[in-house]
There are 2 protein chains.
Amino acid sequence: MNKRKKEIIDLSIKYLRKYGFDSFSFQDIAKELGIAKASIHYHFPSKEDLLNGVLDEIKLGLIAIRSELRVVDQNTQKLKRFFEIMITLNPKEFICPISSLQAEYFVFSEEIQDKIRDISKTEIGIISEILETGRDEGEFVFTSSPEEEAKILLSSYKGFLLYSRALEKEVEDDLIERLVEKLLK
Amino acid sequence: MNKRKKEIIDLSIKYLRKYGFDSFSFQDIAKELGIAKASIHYHFPSKEDLLNGVLDEIKLGLIAIRSELRVVDQNTQKLKRFFEIMITLNPKEFICPISSLQAEYFVFSEEIQDKIRDISKTEIGIISEILETGRDEGEFVFTSSPEEEAKILLSSYKGFLLYSRALEKEVEDDLIERLVEKLLK
DNA sequence: GTCTATACAAAGATAGAC
DNA sequence: GTCTATCTTTGTATAGAC
């Protein structure tokens, strides 16, 4: 992909995570990159095209994380590594881009909604697979399905990010430890 | 409060919870009420004025819930009743208005941010108080502070609402039961 | 590939009639 | 209290020059 195109997408994800998709404009992106608003339209004719680019990038990110986790051997470690990556990607004031998209879900076209659903499922799939294997190997104990447990785990973490920005508090390092402890032992 | 004013606020909260604050317009509200866009401006000169009205209404709602819970005697029952109310207020496709505001937090002025923080703290306070009393009376067991536990509990539930809309699944009735079970026993 | 210029639509907002 | 009319600003989008 074109270097400029990549820059625009990365910046859009930043704005998405800080303000929401409807709350930033081509002008915001153009200004920060020091180019004209119209130049953004060259790379992405419409804002929906830009969103498509953003969604593809998020999906690729998830796939990369999944690959990285394949080489980690313990399931507890996989889980910790997953959230370690999440925390690195989510500094203070920034929420998960997927949460942001879910919050505005009904603003988007069906095509976009389908992509958001696919991304949400992929993410749940990653955690769910770890939980299932971990349960079968005796590392984790839980009563409901791996998928339901994965949803609770991800929900807790992401909901926490939302609260943290309003409370103006950093997410504490041991949050994941506590969540895993609580939910899976 | 004026009847029309109340209608506008209630409808705004509905739109806030379905699309986000930046994603609905005075026009949307006016159309649904069958009045002119300018009529909304009569009640709320600016959109920030409208948001202030929305925030006051949300705060009053929380205070009403707190009062209602005071007459419930068991702490487990208080907790269940709280989420029972939440579930009734959050039908399919609608997320918690507080989550929605937290997602757009940095779009708003400092004055608004302060109000969102106050609302977030009030909500956590309600749950936190129940958890603390419940722990002291031996109903609940948890290791971290009542406030931290309250944040996790609320985060799980609200994060779950976000996922549910993207997965196009209803939140199952036993979610709260499972969360309380997991987190506090 | 990025620019200027411009069009077009929508949103927020105001003034003044009824 | 609600209306019409109008204004301003902003956001998305297009055309065509460099």
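Each chain gets a letter, A, B and so on, in the order the sequences are listed, and its residues count up from 1. Computed from a predicted model, the values in this text were never measured in an experiment.
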Chemist: If I take atom CD in residue A:E7 and atom P in nucleotide C:dG1, what distance separates them, rounded to the nearest angstrom?
Modeler: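 Roughly 13 Å, once rounded to whole Å.
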Chemist: Rounding to an integer number of Å, can you tell me how far B:L33 CG sits from D:dG1 C1'?
Modeler: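 Spelled out: CG on B:L33 to C1' on D:dG1 is 13 Å.
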Chemist: Between D:dC3, C:dG12, C:dT4, which nucleotide gets closest to the side-chain atoms of B:H41?
Modeler: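 That would be C:dG12.
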Chemist: Looking only at side chains, do B:E48 and B:S109 share a donor and an acceptor under 3.5 Å apart?
Modeler: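 B:S109 and B:E48 do have a side-chain donor-acceptor pair below 3.5 Å.
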Chemist: Rounding to an integer number of Å, can you tell me how far B:F24 CZ sits from C:dG12 P?
Modeler: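 Between P of C:dG12 and CZ of B:F24: 8 Å.
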Chemist: Please answer whether the main-chain N or O of B:F94 pairs with a side-chain N or O of B:K18 as donor and acceptor at a distance below 3.5 Å.
Modeler: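 Judged by distance alone, no pair lies under 3.5 Å.
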Chemist: Parallel, tilted or perpendicular: which one describes the rings of A:H41 and A:F26, with boundaries at 30° and 60°?
Modeler: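 Tilted, since the angle between the ring planes falls between 30° and 60°.
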Chemist: Measure from the side-chain heavy atoms of A:K37 and tell me the nearest of D:dC3, C:dT4, D:dA13.
Modeler: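 Looking only at side-chain atoms, A:K37 lies closest to D:dA13.
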Chemist: Just distance, no hydrogens or angles: give the donor-acceptor pairs under 3.5 Å from side chains in residues 124-136 of chain B, sequence neighbours left out.
Modeler:
residue: B:T133; atom: OG1; partner: B:E129; partner atom: O; Å: 2.7

Chemist: If you compare every side-chain N and O of B:S25 against the phosphate oxygens of C:dA11 (OP1, OP2), does one of them come in below 4.0 Å?
Modeler: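 It does, given that an N or O in the side chain of B:S25 lies less than 4.0 Å from OP1 or OP2 of C:dA11.
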Chemist: Specify the separation, in whole Å, of atom CG of A:D22 and atom P of C:dA9.
Modeler: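 In whole Å, C:dA9 P and A:D22 CG are 19 Å from each other.
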Chemist: Measure CG/B:D49 against P/C:dG12 and give the value in whole Å, please.
Modeler: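 One finds 13 Å between P of C:dG12 and CG of B:D49, rounded.
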Chemist: Which nucleotide, C:dT14, C:dA5, D:dT2, lies nearest any side-chain atom of A:A38?
Modeler: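 Ranking C:dT14, C:dA5, D:dT2 by closest atom to the A:A38 side chain puts C:dA5 first.
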Chemist: Nearest to the side chain of B:A36, heavy atoms from C-beta on, is which of D:dG1, C:dA11, D:dT4?
Modeler: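 The answer is D:dT4.
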Chemist: Does OP1 or OP2 of D:dG1 have a side-chain N or O of B:Y42 closer than 4.0 Å?
Modeler: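 So the side chain of B:Y42 is within the cut-off, an N or O lying under 4.0 Å from OP1 or OP2 of D:dG1.
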Chemist: May I have the distance from A:F26 (atom CZ) to D:dT10 (atom P), rounded to whole angstrom?
Modeler: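 It works out to 18 Å between those atoms.
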Chemist: Would you kindly give the CZ-to-C1' distance between B:F21 and C:dA11, to the nearest whole Å?
Modeler: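 One finds 12 Å between C1' of C:dA11 and CZ of B:F21, rounded.
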Chemist: Side chains of B:K169 and B:Y163: do they bring a donor and an acceptor to under 3.5 Å?
Modeler: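 The answer is no; no qualifying pair exists.
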Chemist: What is the distance, rounded to the nearest whole Å, between atom CG of A:L51 and atom P of D:dT12?
Modeler: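 Result: 12 Å.
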